[in-house]
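Remarks on the structure that follows.
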Amino acid sequence: MDMRDFFAMGGYAFYVWTSYGLAFVVLAFNIVQPLLHKRRVLKRIARQIRRTRRTA
Amino acid sequence: MFMRFFHRMASPPYFYVISGRWLPWLAVICLALILAGLYGGLVEAPADYQQGDSFRIIYIHVPSAWMSLFIYVVMAVAGGIGLIWHIKLAEMVAVSSAPIGASFTFLALVTGSLWGKPMWGTWWVWDGRLTSELILLFLYLGVIALYGAIDDKRRAGRAAAILALVGVVNIPIIHYSVEWWNTLHQGPTVTKFDKPSIHISMLIPLLLMAGGFKLFYLIAVLMRLRSEILERERNSKWVTALVGSEDRRQKTEDRVQESDVDPRRVGP
Amino acid sequence: MKQVVCMKRRSTLNAFYFLLKRDLILNFRRRAEIANPLLFFVIVITLFPLGVGAKPQLLQSMAPGVIWVAALLAAMLSLDRIFRSDFEDGSLEQLLLSAHPVSVLVLAKVAAHWLVTGLPLLVVAPLLAVLLGLPVDAMGVLVVTLLLGTPVLSLVGAIGVALTVGLRRGGIILSLLVLPLYIPVLIFASNAVDMAAGGLPVTAQLSMLAAFLALALALAPWPAAAALRISLS
Amino acid sequence: MTFSSADCEPDKPEYYLEACDLTCVRDDQVLFDGLNFRIGSKQVLLIEGKNGSGKTSLLRILCGLGLQDGGEVKWCGESIERLGAGYHQHLAYVGHHDGIKRDLTVLENLHMAQALDQPGRLTIDQALEKVNLWGYEDVQAHALSAGQRRRLALARLLVTDNCLWILDEPFTAMDKEGIADFERLIATHTAHGGLVVLTSHHSLNCDGADVQRIDLS
């Protein structure tokens, strides 16, 4: 099964590869979003600590 | 021994550290499983005699459909535990699982319609299973919307847990009503949307992918949980200590970068 | 903990009766508000022929589904009234702090809401079915399905309302929470009327609706009470 | 432990309300931490503190409405969460919202209050007499003034059978004479062995009642 046949997917290339592409996007989203959220939370907490440290 | 382990796991700081250590290993195993499943599904498995290569969408559609139901049940059970025994961590597991479940349900829906297009020529078929999947997506969106709408996060978590419990009781009722409704309008002529009778070489990748998706769910929920714990415990000492130390390490790195920047070169 | 002597149980029934009577009095003091769900029901049904054309054959085949979807939406829109006024003037807190189980009191409020919104739908629905050309022998089954179905709408809706009672813009979310749970009732009820219109037996569908009613009566008040406790915490 | 309605008479002195290291955090702000107190029969607990210091949150936690972040509230030694309705039958709460239905008449409001708990020692007429709302039986609540509605909410305490009163600033919108009346009512309630927890900005001069004070700010 050489590469060209592989990507042709017996004529259903569009359907198969969009499903797999979408799967990759959905899985990636579920990894990236928590990372961004965590960084935002950490930054907010750090700022809060600096604020309390300055006022304390 | 199990109770002691479970009890210590319920305390957020301990859980945060332990999950931090497990995540890399889980990620490696999950990646291995999914790659093996993909290889098996896309390359190894022979084309289906009837559907040709379009059947390979099964390796995404079926595992994510299984996951959507599995995550809802886990969400409801975790919500129930959180409500009855007031375990904050269980409540957070329920709340963190909702978006992941919703994305798997969405994935199952779209891949289902992509799979249906070559077979029936239309993007959407009011087939019993797809319709149940669509309603399950609404149930997920309901839980997410309710959690987002209430400002006090503890109250929001408990309200979302109740909705998840009510939802999980309704899922079998909705599923069988829709199946019964489907037999009314469609009639048995439509080929069963079920998995085609599956040859062993096709089944292995399917199970690999299912295992990979379950592990992926575990990783995703652990990651969301860690940032949720940080957010909810932001006043506690261990978070300030943790963030404080990370903050200082961040500062020392900035100071090191500034000093080795050549003052003559004009910065971007 | 063993509940207290039987004297208390009688007064729980007494509390149920009093709360039901109080809510009916309150609703009749604001009679105009009772008409709102009915007007909505009538308007939605008159929209359909304007939208899909008035071919009698088409209308007749759509009639059961249209009537039931309109009834469902009318019931859902009026759900907010169950707890909203009590939440605003603080008597919801008094309900939660009463000596009687909250689920019984929730049942009383849902019964009052059904009597004020569900029952009138039963009366108006056959008249509107005539607008859509539903055959006469299906009218009886239509009323029976509404009689069995609308209480389930109120009971399940009460859980959604209890969850969103504290929110400023709870209405939008309420429909998202509650409509998926209405689907089984909609499926069996509109199919029962459809079968009756075709002269076929409907005992299976009606018994399913009765089963849903029994399930909702038994299971719905408890999560609604728990949701109220959470919304007010 | 069962509570038969007979021993709910306020004259029995062995009731007590206990808070064990209560903690409450409202959006990032620790309102109070490790709060401990205990009040028994014939005692009044006055909770003071500037606005926003968590007085109302504390009262709602004591009623079992609010959710504390730590610690426990005990009624006669048993956690109120486990007691549930068993605790609420002894409790009467008047919060910011007075819990009066505007469309109902005074009489209907009080009948409803009695149906929700147990009828108390005083009849409705005697209670209305005490808060001098006598003669207003058939007036709809929306026709009453704020002070009169406040007194109607306090009349609800008298017509129901309860040992513990939890009042959130009961004297707001009440004139001097109304306040004096109500202080006498508190004194008679505690004299019968009742307990009262209240927050107030006015100085409470309840002679004869043993008043404890907690300052949250």
Side-chain angles (χ1 to χ4, degrees), chain B residues 72 76 79-80 82-84 86 91 94 98 102 105 126 128 131-185, chain C residues 61 64-65 152 155-192 194-195 198 200 204-205 208-209 211-212 215-216 218-233:
Chain B
Y72 201 96
L83 274 177
I84 296 166
H86 299 300
E91 211 181 283
T105 321
W126 282 100
T131 321
S132 308
E133 203 69 34
L134 182 63
I135 299 168
L136 185 58
L137 182 62
F138 293 145
L139 291 178
Y140 271 116
L141 295 180
V143 172
I144 296 170
L146 183 63
Y147 181 69
I150 301 176
D151 312 331
D152 167 8
K153 280 311 155 212
R154 261 179 62 111
R155 196 155 59 87
R158 289 160 63 85
I162 284 208
L163 185 60
L165 280 170
V166 170
V168 86
V169 168
N170 275 286
I171 280 181
I173 300 173
I174 291 174
H175 181 71
Y176 288 113
S177 312
V178 170
E179 287 294 328
W180 178 80
W181 164 82
N182 184 27
T183 55
L184 284 177
H185 297 278
Chain C
S61 68
V152 179
L155 280 162
V156 173
I159 301 176
V161 173
L163 284 168
T164 59
V165 73
L167 308 180
R168 288 172 305 285
R169 309 168 312 288
I172 312 294
I173 291 182
L174 176 63
S175 44
L176 179 62
L177 304 188
V178 157
L179 283 181
L181 308 178
Y182 280 175
I183 286 170
V185 173
L186 174 66
I187 288 176
F188 282 102
S190 50
N191 182 263
D194 209 13
M195 291 298 147
L200 300 168
Q205 290 86 343
M208 279 306 282
L209 282 177
F212 290 150
L215 199 68
L219 293 185
W222 179 74
L228 275 182
R229 209 172 285 287
I230 288 172
S231 298
L232 282 167
S233 70

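All chains are named by letter (A, B, ...) in the order of the sequence lines, taking the proteins before the strands, and each is independently numbered beginning at 1.
- Looking at B:I174, both its backbone and its side chain come within 4.5 Å of chain C, counting heavy atoms on both sides.
- A distance of 13.5 Å separates CD1 of C:I183 from NE2 of B:H175, quoted to the nearest 0.5 Å.
- For C:L163, the parts sitting under 4.5 Å from any heavy atom of chain B are the backbone and the side chain alike.
- When side chains are defined from C-beta on, C:N191 counts as touching B:W180, because their heavy atoms get closer than 4.5 Å.
- In terms of non-hydrogen atom pairs under 4.5 Å with chain C, the most contact-rich of B:L83, B:I150, B:V143, B:L146 is B:L146.
- Side-chain contact between B:I173 and C:L215: present, with at least one pair of heavy atoms (C-beta onward) separated by less than 4.5 Å.
- A 4.5 Å side-chain heavy-atom check between C:L181 and B:L139 finds at least one atom pair inside the cut-off.
- Here the straight-line distance linking atom CD1 of B:I162 with atom CH2 of C:W222 works out to 6.5 Å at 0.5 Å rounding.
- Per-residue counts of heavy-atom pairs under 4.5 Å with chain B were compared for C:L219, C:I172, C:V178, C:L167; the largest is that of C:L167.
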Practice problem: Check step by step if side-chain contact (heavy atoms from CB on, under 4.5 Å) holds for B:F138 and C:L179. | Solution: CA-CA 9 Å; B:F138 293 145; C:L179 283 181; over 6 Å; no

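- Pairing each heavy atom of C:P180 with each of B:I135, the nearest pair is CB-CG2, 4.1 Å.
- Looking only at side-chain heavy atoms (C-beta outward), B:V166 and C:L177 stay at 4.5 Å or farther from each other.
- C:I230 touches chain B through backbone and side chain together, each having a heavy atom under 4.5 Å away.
- The two atoms that bring B:A145 and C:L176 nearest to each other are CB-CD2, 3.7 Å, heavy atoms only.
- Residue B:L136 does not touch chain C at all, counting heavy-atom pairs closer than 4.5 Å.
- Neither the backbone nor the side chain of B:D152 comes within contact range of chain C, judged by heavy atoms closer than 4.5 Å.
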